[in-house]
Number of protein chains: 2
Amino acid sequence: MLTAERHQLILSLLADKQTIRLQEIIDHTNASESTIRRDLDTLEKKGKLNRVHGGASAATLTKEEATMSEKSEKFHAEKEAIASFAARFIKGKETIFLDAGSTTNLMIPHLDPSITVVTNGPEHLPMLAERGITTYLIGGFVKPGTRAVIGANAVENLRQYRFDRCFVGVNGITEEDGLTTPDPEEAAIKKNVLAQSLSRYILADHSKFGTRTFTKFGDPEDAILITDASTPTAEKLKSKTEIEVAHP
Amino acid sequence: MLTAERHQLILSLLADKQTIRLQEIIDHTNASESTIRRDLDTLEKKGKLNRVHGGASAATLTKEEATMSEKSEKFHAEKEAIASFAARFIKGKETIFLDAGSTTNLMIPHLDPSITVVTNGPEHLPMLAERGITTYLIGGFVKPGTRAVIGANAVENLRQYRFDRCFVGVNGITEEDGLTTPDPEEAAIKKNVLAQSLSRYILADHSKFGTRTFTKFGDPEDAILITDASTPTAEKLKSKTEIEVAHP
DNA sequence: CATAAATCAATCATAATCATTCATAAATTA
DNA sequence: TAATTTATGAATGATTATGATTGATTTATG
């Protein structure tokens, strides 16, 4: 069996099951344990899945990250509502930071062309250029999969800028653990962005409330949360921080 | 059996199966291994399939469409020849700088995935990611139109890196004015890139020789010029600098 | 907490696959 | 026809993929 075929098979098995054990893959492929381990290494490097002890799990919601394309479909109407709502906070010729990600991407059609945007999401560039918006890009390591720019280099590059407002995505929000994201390198970026902005906005659809992921980058009370529907966790947070609900 | 016939057959075999082994094709064609390998090389260059170890896998539609639009560009065949020729200079696991632009973009399919690329061209990222190439992006002002990253900020960001080789585009080459490009900000980038590289390559189709534009960023003798055809200006320069002619 | 079981990364030798080169044959052009 | 280009197959040494083995690490359990 061809290496590339095995890789496809593994990903399709994962697409159904969300998690898979090493032994299952071995049964399906007649390949050795070593080979499958190497496959998982390779696929993880490409951001196609996440390795866990005993096997692998899909690079999708909650624990793990979704790829850009997968994200852009889930909760699209909700994200669109959040994005257009968020864009309304920007007044006049401000300079804003726009986080990499699918929700922030949806803000671009609602942006006034006279503003200046700084972003770590190269995938935003075509739309920003189309709208004639002055754009600065953060430099650094390009993360495979989500294609955000991250790393020590990116953080240093970021420090040169100060923002009137920042719009930042998040993977999990809980009362105890605050704002979390799976990748520490991405968390470092978000943390710095928040520190260098006068006004801070966290864009999070309702699925993000009550879940937590690996790395904390801030507390809900340091920012304005923009979401699409209220949840138990959101209700609890209402005493501490400002929550704006954008109805789709 | 005719070469073109074999190519058709290979593509039709792939149309059903998604992936195919080299041996399968050999069985179907009575051609030698070498010939089939050459066929796969050719077809991959045309974007009709992706080579994988042991055979080939079907190319996605988007890639096919992308190569279609690429082909409509000016001097496409010449640029492709220059690009694939240039890529051959890279040995092993080196770190290279890849300039923004259409000619350098054509190098990407010919790059070894084990190298590291630094670039000021965000438009290269999708293809670099697809090939699984480790990539660092220069940060700074995003130039509308060409979408290169330029400006003082970009130059400063650039200074952190040292390259084994750099591959740089150019707008004009003359004996008197050297290497020129219209935008001073872009020239600044190119100048610094050249200074920080052990080996320097200028990619220029024949139309660039004998024309000069606004800003000079270097002299031909500081780099190896890669072009597609000899011109009077190129002949004059041959005494001063190395010129490699890549025939389409 | 301690032990056993499972899972893991690292290494090795082997086999498969690969790019490159060369000489020859076919096709094309002068 | 002769010269030139192109296509081909075989041979080569290099690269990559693989499965088995090792001992270390992690997880489960009593």
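On a predicted model such as this, the values are computed, not experimentally measured, just so you know. Convention: sequence-line order gives letters A, B, ...; per-chain numbering from 1.
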What is the distance, rounded to the nearest whole Å, between atom [atom1] of [X] and atom [atom2] of [N]?
X	N	atom1	atom2	answer
A/Q23	C/dC8	CD	P	11 Å
A/D41	D/dT18	CG	C1'	14 Å
B/E44	C/dC18	CD	P	11 Å
A/H7	D/dT16	NE2	P	15 Å
B/R37	C/dT17	CZ	P	8 Å
B/I115	D/dT15	CD1	P	16 Å
A/H53	D/dT27	NE2	P	6 Å

Inset, instruction - Consider only side-chain N and O atoms of A/K190 and A/T181, and report whether a donor and an acceptor are under 3.5 Å apart. - result: no
Inset, instruction - At under 4.0 Å between heavy atoms, which parts of nucleotides 7-13 of chain D does protein reach? Answer with one letter per nucleotide, 5' to 3': B base, S sugar-phosphate only, - none. - result: SBBBB--
Legend entry - Pair A/K79-A/D205, side chain to side chain contact (heavy atoms under 4.5 Å, CB included): steps then yes or no: CA-CA 7 Å; A/K79 286 180 175 177; A/D205 66 65; 3.8 Å; yes
Legend entry - A/R51 side chain near C/dA9 phosphate (N/O to OP1/OP2, under 4.0 Å): yes
Legend entry - A/R21 side chain near C/dT7 phosphate (N/O to OP1/OP2, under 4.0 Å): yes
Legend entry - Difference in axis direction between the ends of the helix from C/dC1-D/dG30 to C/dA30-D/dT1, five pairs, 10°: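 Angle reported: 40°, given to the nearest ten degrees.
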Holding to side-chain contact (heavy atoms from CB on, under 4.5 Å), I want the full list of residues that pass it with [X], two or more places apart in sequence or in another chain.
X	value
B/E5	B/M1, B/L2
B/L198	B/D164
B/A154	B/I138, B/V149, B/I189

Legend entry - B/T231 side-chain N/O to B/F209 backbone N/O, donor-acceptor pair under 3.5 Å: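 Not confirmed, B/T231 side chain does not pair with B/F209 backbone.
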Legend entry - Derivation of the side chain to side chain donor-acceptor pair (under 3.5 Å) call for B/E44 and B/H110: CA-CA 10 Å; B/E44 185 180 46; B/H110 305 284; over 6 Å; no
Inset, instruction - Would you indicate whether B/R51, at its atom CZ, is surrounded by more than 12 heavy atoms from other residues, nucleotides or ligands within a distance under 6.0 Å? - result: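 Atom CZ in B/R51 is crowded, with more than 12 foreign heavy atoms closer than 6.0 Å.
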Inset, instruction - Could you tell me which residues satisfy ring pair (Phe, Tyr, Trp, His ring centres under 6.0 Å) with B/F85, sequence neighbours excluded, listed by chain and number? - result: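 Ring pair (Phe, Tyr, Trp, His ring centres under 6.0 Å) check on B/F85 returns B/F89.
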